[in-house]
Number of protein chains: 2
Amino acid sequence: MRIGALSQRTGVSERALRYYEEQGLLSPLRRPSGYREYTDEHVHTVRSIRTLLAAGLGTATIADVLPCMVEEGGQLAAACPDLLVDLARERDRITAAMNELRAAREMLDAIIAAPVPAEAARALDCEEAVGTEFGASPVPSR
Amino acid sequence: MRIGALSQRTGVSERALRYYEEQGLLSPLRRPSGYREYTDEHVHTVRSIRTLLAAGLGTATIADVLPCMVEEGGQLAAACPDLLVDLARERDRITAAMNELRAAREMLDAIIAAPVPAEAARALDCEEAVGTEFGASPVPSR
DNA sequence: GTTGACTCTGACATCGTCGTGAGGGTTTAG
DNA sequence: CTAAACCCTCACGACGATGTCAGAGTCAAC
């Protein structure tokens with residue numbers, strides 16, 4: 001498939017896909033015309049890339065990680081010790097980030113769930129606020 | 001206290017502290033000389049700012065949220081409906097981000113924990129990799 | 001008063017992940 | 001064959017939170 005199709009199937013912009021290639025994360029074949037030709041596997045690869053990017057890994061690290069990923073749920077080989085060290089570090093970073101997110105979410109929850117004192121609402125020139133009880137969807141913070 | 005002291009006590013750079021003020025997140029008093037004068041409360045405020053920033057909130061949103069935060073564990077007032085909508089949205093975004101982080105971490109864990117096939121290690125010119133079993137500290141996922 | 005540490009205000013630089021547009025080929029359906 | 005839709009390669013811009021530097025006051029201690 002060509003880049004437009006891959007973009008649609010992954011929800012990732014064409015620009016981003018070209019960027020990933022530029023960074024060595026994707027290596028589609030090229031037609032004589034220069035058009036990129038992707039396979040179904042690239043769809044999975046792109047998904048992995050997005051996940052790792054979202055986790056804060058840089059493209060360089062991802063480039064190191066990707067070759068270790070074979071198949072979907074299939075198994076993958078680890079790599080050089082250096083990479084393992086990096087990965088362990090990333091793992092810890094991610095865990096820390098999750099904790100920060102949790103803290104922030106609790107902070108927001110506290111504010112959202114806080115009873116809106118009528119006076120406070122008035123003091124904040126938000127008369128309509130009182131009784132608008134909607135937010136604070138009690139999603140169990142697990 | 002002055003900016004240097006606040007910087008030390010919070011671990012946040014002076015540059016960042018000035019930036020927060022520029023964005024309306026902090027309003028220290030000013031000495032006649034122009035020097036900023038912070039209170040102990042600002043220490044807490046800065047911590048809150050960092051937490052929310054780390055969670056991906058923008059300074060503008062944080063500026064809206066901060067006034068709702070009174071005291072440490074004390075209670076806080078909610079605010080305008082608009083803000084509540086924003087906060088709920090942020091909350092969902094944070095939850096989504098946490099899920100992405102979890103997915104990424106599992107991905108990394110799978111790679112880290114993967115048995116290093118001796119052949120793979122050799123194929124990857126990483127002879128030393130075999131037997132380096134360390135990472136993958138089984139931190140209970142939550 | 002003098003030194004050294006501290007602070008001030010700009011303003012430009014950085015990082016990574018794209019958005020966007022220009023200028024120009026390629027493919028495909030009619 | 002032609003138009004529409006697709007794709008190519010530059011290349012500049014943007015964001016957001018900071019780093020960093022310059023030039024210039026201010027504070028504290030001696």
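First the proteins, then the strands, lettered A, B, ... as listed; each starts at 1. These values consider heavy atoms only, across backbone and side chains, with no hydrogens, waters or symmetry-generated copies.
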Check every atom of dT9(C), dG19(C), dC8(D) against the side chain of Arg30(A) and return the nucleotide holding the closest atom. dC8(D)

Whether Arg89(A) and Asp86(A) form a salt bridge (side-chain N of Lys/Arg under 4.0 Å from carboxylate O of Asp/Glu) is what I want to check. yes

Over how many whole Å does the gap from Leu6(B) atom CG to dC6(C) atom C1' extend? 15 Å

Heavy atoms from C-beta onward define the side chain here; which of dT26(D), dT9(C), dG16(C) lies closest to that of Arg36(B)? dT9(C)

Kindly say whether, by distance alone, the side chain of Tyr19(A) makes a donor-acceptor pair under 3.5 Å with the base of dG16(C)? no

Tell me which of Ala5(A) and Ser13(B) sits closer to the 5' end of DNA chain D, going by the nucleotide each one is nearest to. Ala5(A)

How would you label the contact of Arg18(B) with the nucleic acid (heavy atoms, under 4.0 Å): base, sugar-phosphate, or nothing? base

Between the base of dC6(C) and the side chain of Tyr35(B), is there a donor-acceptor distance below 3.5 Å? yes

Any idea which of dT26(D), dT26(C), dT18(D) is nearest the Ser33(A) side chain? dT26(C)

Sugar-phosphate only, base, or nothing, as touched by Gln23(B) at under 4.0 Å among non-hydrogen atoms: nothing

Answer yes or no: is there a side-chain heavy-atom contact under 4.5 Å between Arg36(A) and Arg2(A)? no

Do Arg18(B) and Glu14(B) sit within salt-bridge range, that is, some charged N less than 4.0 Å from a carboxylate O? yes

From the candidates dC27(D), dT18(D), dC8(D), the one with an atom nearest any side-chain atom of Ile3(A) is dC8(D)

Toward the 5' end of DNA chain D, by each residue's nearest nucleotide, Arg15(B) or Gly34(A): Gly34(A)

Rounded to the Å, how far apart are Ile62(B) CD1 and dA17(D) P? 7 Å

Counting N and O atoms only, with roles assigned by atom type, does the side chain of Arg31(B) sit under 3.5 Å from a partner on the main chain of Tyr35(B), one being a donor and the other an acceptor? no

